Every structure is written in structure tokens, then in C-alpha cells.
S.K.: 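Handing you a structure now.
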There are 2 protein chains.
Amino acid sequence: MLKITKRVEYALIAIRHLQENQDVLVSVSDISTAYGIPKEILAKTLQKLASSNIVKSYKGPTGGYKATKKIAKTTLNDFFEILEGPTAIMDCYFQDGCDHLNSCNIRTPINKINDSIRNLFNNLTLADISQ
Amino acid sequence: MLKITKRVEYALIAIRHLQENQDVLVSVSDISTAYGIPKEILAKTLQKLASSNIVKSYKGPTGGYKATKKIAKTTLNDFFEILEGPTAIMDCYFQDGCDHLNSCNIRTPINKINDSIRNLFNNLTLADISQ
DNA sequence: ATTATATACGATTATATTTGTCGTATATAG
DNA sequence: CTATATACGACAAATATAATCGTATATAAT
């Protein structure tokens, strides 16, 4: 449990690679072959990052991706939520569709754990974890 | 991603129920029916907690479980690891069997994230998240 | 203009993990 | 002796994640 997904893993690999090669455009294939990552998944992952301006995309032959200055300032929470949606350890007892809500006795602890994790990730940037 | 398992959820429900009923022995069936939890899974979960002395078990008819004083002092990390094994966001790039190790460029960030989470969970007890 | 190569993106399949069930053994109160 | 509780391993079902496939669009180079 509490695992990150391959998408997040691939995204981290990609942005670090882009940061180390800021002078050139890097294509999906470049990263895919360099790290042994399935091309299609990596492509979609970079598309998500591009739509949030974490990276910038350039179409056409000689196209590819570039790192942006936004990367360093991005929090882990934002990074995760761009790729995977809301950070939440449960999915979920306290929203619509929970048929246990009436007898639920763990609302407080679940919320406290969740708040702690979100607070942690909101106070860590991608720059913080890079060095 | 970063979800807790049902086992952890059920364990939380169970220990909170036991803490609220410290004067009596509570059986698996009691908790199972009260919260709509599958009996067999709950049983195994409580067996794990019992083998770590988080709860105490009593066999035979009129048997069941009781909360122990150890609960409040138990850290979230210990609680999670009793039920689910080592707390780690990846499984894993840096151990045996990783065929990407030579080209891995995310060792540092993964370790930093992992250390942060483990640090958080090691400094939160079950008592801390209860109120 | 045409071609080759890149990103963009929805639909589908494959795989892995999690969740739940079944069967059997052991302990013990009445 | 019997009924009811915990103990525990093996298996099956359900769900979530990962990967693939197909098609569209943009654009640099010829």
C-alpha cells in the first residue's frame, strides 16, 4: 500500500532528464529508449505535464519536450495531483456512495492521516527532493 | 495511488471499537456485523494485531479480543508495517531485481519522499490521530 | 505539395494487486 | 462432549494499474 504509480515514476524520470538536458529538445523516444519506459505511457504522461505547463511541448519533426522554470517551484502535492488526481488515502468513507457512513468510527483518524500527508506534500517542492 | 488497504481500514475500525468497549471481550462477529466487514478478513487482521500485542486474544466460547495499553503508544509506521510490511512508495528500483538501476536517475528523489513519509508516520501515534 | 516524424488522445487489452472465500485445526467454557 | 471462539494456509473473485492499439493533428524538411 501507499505506493506511487508507474506514471509518477516515469514523470519523475522524465523531468529530471529534461532538467539535465535543458539546451536541447528531447523526444518521448529519447527518454523511452534511455530508461526502458513504454513509449505510449510516457507520451501520455508528458502530455499531462505539458497541459499543466510543467514541461513545454513542441510538435512536428525535431519536436519534443523542454523543462520549464515551473518545475522547481511545483509542490509534490500538485505534481501528484496533476498525474493521479486528489491525494487521499481512502476513496472514500465520507463522500457520496459510502454505505458505512452511519457506523463509521474512523472519520477522525483518516482525516488526520490524510491532512498530515497533504501537508507534507504541500511543503515539499520538486526542487527540495532533487538534491 | 497512495491508498491504504482495507486491512488497515478494518484494523483501525476494530481497535477503535475495542478501545470504546474496554470492559468486555469483543468477538470478530461483533465487529463484523456492527460495521459490515467480512468476517474472515477481519479475523486475520486481528490475528496480526494480536501477534504484535496491539490487541490481546482469548480463545474458546465467550472468547474475543481486548484492547491493550500498547495501542496508544504505537506509531502509525509500526501499525502499517505490522499489517502491510515495509512502508515504501516504490517496490523498488534500488534493490535486487531492478534492471533499471544502471540508468536510474530518481534514486535521490524517491529516497527523499520515502524518508519524509516514514518520518511523518514514525512521529504520529495512534493516540495522536484519535482525537 | 508531399513526406516523415513528432505530439495528442480515446478505446481496449493485459497484468498485478487487493479483496474476499473456503477448508481445516486448535483452544476452551459450559 | 459439544458449541463457539481464535488460528492459519490455500484459493478465487474483483478491482486497479500498466501497457498497447488506432487514429488525428501539427510541422520541419525536401
Side-chain angles (χ1 to χ4, degrees), chain A residues 1-14 18 24-33 35-66 80 82-86 88-92 97 100, chain B residues 1-11 13-14 18 24-33 35-66 80 82-86 88-93 97 100:
Chain A
M1 67 167 203
L2 294 168
K3 293 281 186 285
I4 61 168
T5 62
K6 293 283 179 189
R7 265 209 299 265
V8 168
E9 178 190 333
Y10 298 157
L12 262 180
I13 291 173
L18 292 177
V24 294
L25 273 179
V26 182
S27 72
V28 170
S29 296
D30 293 338
I31 301 175
S32 168
T33 56
Y35 301 94
I37 300 172
K39 200 173 164 181
E40 302 300 328
I41 288 195
L42 181 62
K44 277 187 228 177
T45 301
L46 281 165
Q47 282 155 29
K48 282 198 176 189
L49 295 179
S51 70
S52 296
N53 302 311
I54 300 288
V55 299
K56 174 129 180 57
S57 76
Y58 299 85
K59 286 190 172 184
T62 77
Y65 290 94
K66 271 203 165 189
F80 290 159
I82 286 167
L83 296 165
E84 302 292 343
I89 59 167
M90 280 187 65
D91 207 24
C92 182
H100 295 106
Chain B
M1 69 166 201
L2 294 169
K3 294 280 186 285
I4 60 167
T5 62
K6 293 283 179 189
R7 265 210 299 265
V8 168
E9 178 190 333
Y10 297 157
I13 291 174
L18 292 178
V24 293
L25 274 179
V26 182
S27 72
V28 170
S29 295
D30 293 339
I31 301 175
S32 167
T33 58
Y35 300 93
I37 300 171
K39 200 173 164 181
E40 302 300 327
I41 289 195
L42 180 61
K44 277 187 231 178
T45 302
L46 280 166
Q47 282 155 29
K48 282 198 178 189
L49 295 178
S51 70
S52 295
N53 303 310
I54 301 288
V55 298
K56 174 131 183 54
S57 76
Y58 298 85
K59 285 189 170 185
T62 77
Y65 290 94
K66 271 202 162 188
F80 290 159
I82 286 166
L83 296 165
E84 302 292 343
I89 60 168
M90 280 187 64
D91 208 22
C92 183
Y93 255 49
H100 295 106

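Here the structure is a predicted model, which means the values were calculated and not measured.
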S.K.: To the nearest angstrom, how far is L42(A) atom CG from dC21(D) atom C1'?
M.R.: 17 Å
S.K.: Please name all residues satisfying salt bridge (Lys or Arg N to Asp or Glu O under 4.0 Å) with E40(A), sequence neighbours left out, ordered by chain then number.
M.R.: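 Listed in chain order: nothing, the list is empty.
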S.K.: For nucleotides 13-16 of chain D, print each protein N/O atom paired with a nucleotide N/O atom at under 3.5 Å, atom names and distance only.
M.R.:
none

S.K.: Without placing hydrogens or testing angles, list every side-chain donor-acceptor pair under 3.5 Å for residues 46-65 of chain B, not counting sequence neighbours.
M.R.:
unit_1, atom_1, unit_2, atom_2, d
Q47(B), NE2, A43(B), O, 3.4
K48(B), NZ, L83(B), O, 3.2
S51(B), OG, K48(B), O, 2.9

S.K.: Let me know, please, whether K3(A) or P61(B) comes out on the 5' side of the other along DNA chain C by nearest nucleotide.
M.R.: K3(A)
S.K.: What is the separation between atom CD1 on I41(B) and atom P on dA12(D), rounded to the nearest whole Å?
M.R.: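 Rounding to the nearest Å, CD1 of I41(B) and P of dA12(D) are 16 Å apart.
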S.K.: Taking CG from L25(A) and C1' from dA28(D), how many angstroms apart are they, rounded to a whole number?
M.R.: 12 Å
S.K.: Please report the distance, rounded to the nearest Å, between NZ in K48(B) and C1' in dG9(D).
M.R.: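 Result: 13 Å.
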S.K.: Scan nucleotides 7-15 of chain C nucleotide by nucleotide, 5' to 3', and note B when protein non-hydrogen atoms come under 4.0 Å of the base, S if they reach only the sugar-phosphate, - if neither.
M.R.: SBBBB----
S.K.: Just how far, in rounded Å, is C1' of dA16(C) from CD1 of I4(A)?
M.R.: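 From I4(A) CD1 to dA16(C) C1': 16 Å.
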S.K.: Under the rule for side-chain hydrogen bond (donor to acceptor under 3.5 Å, both in side chains), what residues qualify as partners of S29(B), not counting sequence neighbours?
M.R.: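 Here the qualifying residues are K39(B).
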S.K.: For dT30(D), which nucleotide in any strand shown is its Watson-Crick or wobble partner with both distances under 3.5 Å?
M.R.: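 Base-paired to dA1(C).
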S.K.: Considering heavy-atom distances to DNA chain C, does L2(A) or T62(B) have its closest nucleotide positioned more toward the 5' end?
M.R.: L2(A)
S.K.: For a 4.5 angstrom cut-off between non-hydrogen side-chain atoms, does L25(A) reach K66(A)?
M.R.: yes
S.K.: Is there side-chain contact between E84(A) and V8(A), with at least one heavy-atom pair below 4.5 Å?
M.R.: yes
S.K.: Atom CG of D30(B) and atom P of dT4(D): how far apart are they, to the nearest Å?
M.R.: 14 Å
S.K.: Please enumerate all residues that pass side-chain hydrogen bond (donor to acceptor under 3.5 Å, both in side chains) together with S32(A), with sequence neighbours excluded.
M.R.: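 Scan of S32(A) (side-chain hydrogen bond (donor to acceptor under 3.5 Å, both in side chains), adjacent residues dropped) gives none.
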S.K.: Write down the distance between CD (E84(A)) and C1' (dA18(D)), rounded to a whole number of angstrom.
M.R.: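 My rounded result for the distance is 11 Å.
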S.K.: If you define the side chain from C-beta out and look only at heavy atoms, does anything of E9(B) sit under 4.5 Å from I13(B)?
M.R.: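 Of all side-chain heavy-atom pairs linking I13(B) with E9(B), at least one is under 4.5 Å.
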S.K.: Flag the pair M1(A) / K3(B) as yes when at least one side-chain heavy-atom distance between them is below 4.5 Å, and no otherwise.
M.R.: no
S.K.: Quickly work out the M90(B) CE to dA18(D) C1' distance and round it to whole Å.
M.R.: 14 Å
S.K.: To the nearest 0.5 Å, what is the distance between CD1 on I4(B) and CE on M90(A)?
M.R.: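 Interatomic distance, I4(B) CD1 to M90(A) CE, rounded to 0.5 Å: 5.5 Å.
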